[in-house]
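Accompanying notes for the structure given below.
In the text below, chain A, chain B and the rest are named by the order of the sequence lines, each starting its count at 1.
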There are 2 protein chains.
Amino acid sequence: MALRATRQQIVQAADDLFYRQGFEHTSFADIAKVVNISRGNFYHHFKSKDEILDAVIETRLQRTQQMLLDWEEEGASPKERIESYIRILLTNWAMIKDYGCPVGTLCTELAKLDHSSKEQANKVFSLFRIWLRQQFTLLGYGDEADGLAMHVLSWSQGVATLGNAFNDIEYVRQEVAKMCDWLDAMCRHNKCGKKFKQKKRQ
Amino acid sequence: MALRATRQQIVQAADDLFYRQGFEHTSFADIAKVVNISRGNFYHHFKSKDEILDAVIETRLQRTQQMLLDWEEEGASPKERIESYIRILLTNWAMIKDYGCPVGTLCTELAKLDHSSKEQANKVFSLFRIWLRQQFTLLGYGDEADGLAMHVLSWSQGVATLGNAFNDIEYVRQEVAKMCDWLDAMCRHNKCGKKFKQKKRQ
DNA sequence: GACTTTGTAGGACAAGCATCCTATTTTTTT
DNA sequence: AAAAAAATAGGATGCTTGTCCTACAAAGTC
C-alpha cells in the first residue's frame with residue numbers, strides 16, 4: 001500500500017469523529033474501529049492523541065485554504081465571494097444542525113481543556129478572518145475591513161450555534177437573508193459591485 | 001449542618017467546573033476535591049453524574065430567570081433592558097475570555113455527546129429568547145419580535161465565541177457598540193423610548 | 001435511652017483509557 | 001535471494017473513570 005495511505009485514513013477518521021463527538025470524547029479505539037486497524041498500529045503512525053489532533057488541524061487548515069481559493073475563483077466580485085461564505089451555513093446545514101460549526105466547536109473545546117493546540121486551532125478562524133478582510137478591503141472599506149470581517153465571522157458563528165441548539169433551519173435561512181441584505185447595503189453605500197467584476201489571481 | 005448544605009456545595013462546585021472545564025472533562029474526583037468530601041458521600045446525594053448535571057442546569061435556569069427579572073426592574077424601558085443583556089459580554093468578560101459563553105458551550109458540548117439533558121440545557125437559551133422577544137414586542141415589533149430576539153441572541157453568542165478564541169476585548173467592545181447602535185436605530189424607526197419609560201411588574 | 005433515618009467515609013470493582021512493548025508480517029532495498 | 005526497514009497485530013500495563021458496597025457516625029424520633 002501507499003506509504004501514507006493508512007496515516008491519511010486515520011487523520012480522516014479522526015477529523016470526522018473529532019467533529020461529531022468532540023476531541024476528548026473520541027478514543028483511540030473509536031478511530032481504530034473506523035479505520036479497521038489495531039491499536040498498536042496506531043502508535044506507529046502517531047505517538048500520541050495530541051499528535052493526531054495536530055494532524056487533523058493541519059488538514060483542516062489546508063482544506064479551508066483551498067475552499068477560500070475556490071470561492072475566490074468562483075465569485076467574480078468580493079460581494080459574491082462573501083456570499084459564498086455566508087451560504088456555507090445552508091450548504092453544511094445537515095452537519096451543523098447536529099454538530100455545530102466545526103471551527104467554533106473545536107476552538108471552544110480546546111479552550112476549556114486549556115490544550116496546547118488551542119492556538120493552532122484558532123488559525124482556522126484566522127484564515128477566514130484574513131480572507132474576509134481582504135474582500136472588504138476590495139470593497140473599499142480600508143480601515144473598517146478587519147472589523148467587518150470579524151463581524152461576519154461572529155454573526156455566522158452565532159447563527160451556527162443557535163441553529164444547532166434550536167435545530168431550526170427556518171431561522172438560519174432568515175439570518176442568512178439578513179446577512180445578505182446587510183452585505184447588499186454595505187455595497188450600495190460604497191457604490192461597489194461594478195468595479196470588482198474581475199480580479200486577477202495566480 | 002443544614003439538610004441540603006452539602007448538596008448545594010456539590011452543585012455549586014459542579015456548576016463552576018462544568019463551565020470552566022466542560023462537563024465530560026470534569027470528574028467526580030474533581031468535584032469531590034473542591035467540596036472536600038469523599039467519593040462515597042457523593043452517591044448519597046446524587047445517583048449519577050447525569051443527575052448532577054440536571055441539578056446544575058436547574059440552578060442555571062433559576063439564576064438566569066432571576067437575572068432577567070432583575071434587568072426588568074432595573075431597566076426602565078425595553079431598550080435599556082436589552083442593553084443590559086448586551087452588556088453582559090463586557091460584565092462577564094473575565095470569564096468569557098477564558099471559558100466562553102456558559103450557555104452556548106454547554107449546549108454545544110451536550111449536542112456532540114448526544115446527551116439526554118441537551119434539551120434541558122437549551123431551555124436557558126429559551127429563557128433569554130422569550131425575554132428578549134417580549135422586550136421587542138413592547139418596542140412594537142409584533143411579528144418580528146421573535147426573529148429579532150434570535151438575532152440578538154446569535155449575535156452575542158458569536159461575539160462570545162470569537163472573543164474567546166481571539167482573546168480580544170477591543171473587538172468585543174466594538175461589537176457591543178455596534179449592537180447598541182443597531183438597537184438605537186431600531187428604536188428610532190419605531191419612535192419608541194418614550195412610551196415605555198415605566199412598565200408595571202408584580 | 002433505644003431506634004430509625006440521614007450523612008459520611010473509604011475500600012472494591014469492572015470498564016475504558018492512552019500508552020508501551022514485543023512478535024510477526026509485509027514491503028522495500030540491495 | 002538476503003538484509004533492512006516499515007507496517008501491523010495484539011497482549012500487557014498502569015491510570016482514571018463512574019459506580020457500588022459496607023461500615024461507621026451523627027441526628028432526629030419515639
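The distance between atom CZ of R7(A) and atom P of dA6(D), rounded to the nearest whole Å, is 14 Å. Here the C1' atom of nucleotide dA7(D) and the CZ atom of F42(A) are 14 Å apart, to the nearest Å. The CD1-P distance, from I31(A) to dT19(C), rounds to 11 Å in whole Å. Distance CD1 (I37(A)) to C1' (dT25(C)): 16 Å, rounded to an integer number of Å. Atom CD1 of I10(B) is separated from atom C1' of dA9(C) by 13 Å (rounded to the nearest Å).
Residue H44(A) places no side-chain N or O under 4.0 Å from the OP1 or OP2 atom of dA9(D). A sub-4.0 Å separation between OP1 or OP2 of dT8(D) and a side-chain N or O of T6(A) is present.
Among pairs with a residue in residues 158-180 of chain B, none fulfils ring-ring contact (aromatic ring centres under 6.0 Å, His included), at least two apart in sequence or across chains. Applying the salt bridge (charged side-chain N to carboxylate O under 4.0 Å, His left out) test to pairs two or more places apart or on separate chains, none has a residue in residues 149-169 of chain B. Judged as a salt bridge (charged side-chain N to carboxylate O under 4.0 Å, His left out), the pairs with a partner in residues 141-159 of chain A (not counting sequence neighbours) are, in order, R129(A)-D146(A), R133(A)-D146(A). For residues 36-45 of chain A, no pair satisfies salt bridge (charged side-chain N to carboxylate O under 4.0 Å, His left out), with sequence neighbours left out.
Remark: R173(B) pairs with E170(B) by the salt bridge (Lys or Arg N to Asp or Glu O under 4.0 Å) rule, at least two apart or across chains. Partners of F42(B) according to the ring pair (Phe, Tyr, Trp, His ring centres under 6.0 Å) rule, which considers only residues two or more places apart in sequence or in another chain, are F28(B). For W131(B), the ring pair (Phe, Tyr, Trp, His ring centres under 6.0 Å) partners two or more places apart in sequence, or in a different chain, are W71(B). With sequence neighbours left out, the side-chain contact (heavy atoms from CB on, under 4.5 Å) criterion links E109(B) to F23(B), E24(B), L113(B).
Direction change of the helix axis from one end of the helix from dG1(C)-dC30(D) to dT30(C)-dA1(D) to the other is 10°, with five pairs defining each end axis (rounded to 10°).
Shown for residues 108-118 of chain B: no residue has heavy atoms falling under 4.0 angstrom of DNA chain D.
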Each nucleotide of nucleotides 10-21 of chain D classed B (base within 4.0 Å of a protein heavy atom), S (only sugar-phosphate) or -, in 5' to 3' order, makes BBB----SSB--
Side-chain donor-acceptor contacts of residues 12-20 of chain B below 3.5 Å, not counting sequence neighbours, with atom names and distances?
{"unit_1": "D15(B)", "atom_1": "OD1", "unit_2": "R60(B)", "atom_2": "NE", "d": "2.7"}
{"unit_1": "D15(B)", "atom_1": "OD1", "unit_2": "R60(B)", "atom_2": "NH2", "d": "3.0"}
{"unit_1": "D15(B)", "atom_1": "OD2", "unit_2": "R63(B)", "atom_2": "NH2", "d": "2.2"}
{"unit_1": "D16(B)", "atom_1": "OD2", "unit_2": "R20(B)", "atom_2": "NH1", "d": "2.4"}
{"unit_1": "Y19(B)", "atom_1": "OH", "unit_2": "G100(B)", "atom_2": "O", "d": "2.6"}

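Inter-residue side-chain proximity for N164(A) and T105(A) is flagged as unmet; no heavy-atom pair is nearer than 4.5 Å.
In terms of heavy-atom proximity, A165(A) sits nearest to N122(B) at O-ND2, 2.9 Å.
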